Amino acid sequence: MKYLSILGSTGSIGTSALEIVRMHPDLFRIKALTAANNIECLSRQIDEFKPELVAVFDENKALELSRLLKGRCRPQILFGEAGFIEAASYTDSDTVLLAMVGAAGLKPALCAIEAKKQIALANKETLVMAGELFMAKALENGVSILPVDSEHSAIFQCLKGNQKKDLKTIFLTASGGPFREKPFAAFKDITLKDALNHPTWNMGNKITIDSATLMNKGLEIIEAAHLFDVTHKEIQVLIHPQSIVHSMVGYKDGSIMAQMGQPDMKTAISYALSGSDRLNLQMDFPDFTSLHSLTFEKPDTQKFPSLLFAFEACKQKGTLPAVMNAANEVAVKAFLEKRIGFSDIFRLISRAMEVHTRIDNPDLSGIIEADCWARDIVQSQI
Ligand code: MG
């Protein structure tokens, strides 16, 4: 039996994880849940999964939740970063699913490691901002990091039964997003509605925009470099519109291992939550006879410079990845609020990275400082 804390339980990864828990009550028990703001959904989850502790972002939401649960079974209700940290390091949990979006996941993630929990990591921003620190802390505390991102889960699975020393190239696949075939000249006319319409994956708003700009793949380059201890030179991005091959690992003898399946996050989530077990998810295989072809192409970095930004940040390290991530978060938020256009996202990230004075081997406060600096710079240009 695994005892779980789920941080970000009302988001797309969180709700898929709870679906798996619902299918396998003999394997999982929920101990703690956290959500940013969606207390209606959280209250339904509390009724069903009976956690002992929950946390929400602000105090008013905590009070509202408490009123909403009146007369029903009620867990301890906390709020703010302290609440998320409490859920991440909760004594009765042994496994923590980090599924919060953005930089807000960083401190709870580090606390979960210090509390020696097994980590199922969906929050890629944590690794992008503070990968060196995070992986060193995991090693120091004997904690294993199990990737939840479908590409990284695929790479993790392709590495099983092989030796890291034989790895030559990681082929990171990307669907290409909704604008793969759109000419560069038409990028200025892209609307929010167009960008939120992802062709193969059904995800939250921030990651859907990140997929449209290919910044999601950019973040995943840096995530892969940390998780699998490789450099930017060993990572190649391939556009694979069918999203059947979730990523591949090439070895020095010319052999390539691929992990395939339906584009459904439940496979990767269950593999991480169970500690690399294959659970029965009643999932259909892709119908290969009706697929006709699986295609792969080189990404167009003129249209999607995010990949260049990410390779540069991955190469230079220090505070640059945190700056890229923060600039992206602020720009995406502004795009979601219709305050800037689609191409402005690239312009703002590029500018922040250009004017940033990079610091090598930053500690946590140095990383947070760089993150805040980038947010201010981007904000001032919107
Ligand atoms: Mg992914």
Side-chain angles (χ1 to χ4, degrees), residues 8 11-17 20 97-102 105 109 119-129 131 145-159 170-180 195-228 230 232 235-249 258-273 283 286 296 299 304 306-307 309-311 313-314 321 324-325 328-329 332:
S12 122
I13 299 282
T15 49
S16 293
I20 294 164
L97 171 61
L98 294 162
M100 305 162 73
V101 179
I119 309 282
L121 185 69
N123 176 280
K124 57 191 85 184
E125 290 87 351
T126 294
L127 278 177
V128 172
M129 290 174 76
I145 310 286
L146 296 157
V148 170
D149 214 342
S150 60
E151 294 79 357
H152 304 78
S153 175
I155 297 161
F156 184 70
Q157 293 177 55
C158 293
L159 282 164
I170 284 175
F171 298 95
L172 197 60
T173 54
S175 71
F179 308 131
R180 182 173 59 92
L196 284 174
N197 187 18
H198 195 276
T200 48
W201 292 94
N202 182 11
M203 309 170 289
N205 279 355
K206 198 253 175 188
I207 189 169
T208 303
I209 302 303
D210 283 347
S211 297
T213 60
L214 291 205
M215 181 49 97
N216 181 52
K217 210 51 52 185
L219 298 173
E220 288 179 357
I221 291 168
I222 302 174
E223 190 185 1
H226 290 299
L227 278 172
F228 306 110
V230 296
H232 64 284
I235 302 172
Q236 191 182 327
V237 174
L238 289 174
I239 303 295
H240 169 50
Q242 299 82 14
S243 298
I244 297 294
V245 174
H246 297 152
S247 275
M248 306 182 268
V249 176
Q259 190 263 343
M260 295 187 259
Q262 296 285 10
D264 186 317
M265 284 305 296
K266 284 203 287 296
T267 307
I269 297 169
S270 72
Y271 198 71
L273 286 185
M283 200 107 72
F296 300 90
F304 302 105
S306 311
L307 293 175
F309 303 156
F311 273 118
C314 190
M324 181 191 82
N325 177 63
N328 179 57
E329 273 188 35
V332 169

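All ligand and atom numbering here is 1-based and tracks the order in the structure. Predicted, not measured: the structure shown is a model, and the values here were computed from it.
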Which residues pass the salt bridge (charged side-chain N to carboxylate O under 4.0 Å, His left out) test with E125, sequence neighbours left out? K206
Check whether the side chains of K124 and N216 place a donor and an acceptor atom closer than 3.5 Å, and report yes or no. yes
Is any protein N, O or S atom closer than 2.8 Å to the Mg ion (ligand 1), and if so, which?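 Those protein N, O or S atoms (cut-off: under 2.8 Å from the Mg ion (ligand 1)) are D149 OD1, E151 OE1, E220 OE2.
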Counting only N and O atoms by type, is there a donor-acceptor contact under 3.5 Å from the side chain of S306 to the main-chain atoms of T213?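 It does hold such a pair.
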Salt bridge (charged side-chain N to carboxylate O under 4.0 Å, His left out) contacts in which one or both residues fall within residues 263-273, not counting sequence neighbours: E19-K266, D264-K266
For H240, what residues pass the ring-ring contact (aromatic ring centres under 6.0 Å, His included) criterion, not counting sequence neighbours? F296
Within the structure provided, determine whether F156 and L227 are in side-chain contact (heavy-atom separation under 4.5 Å). no
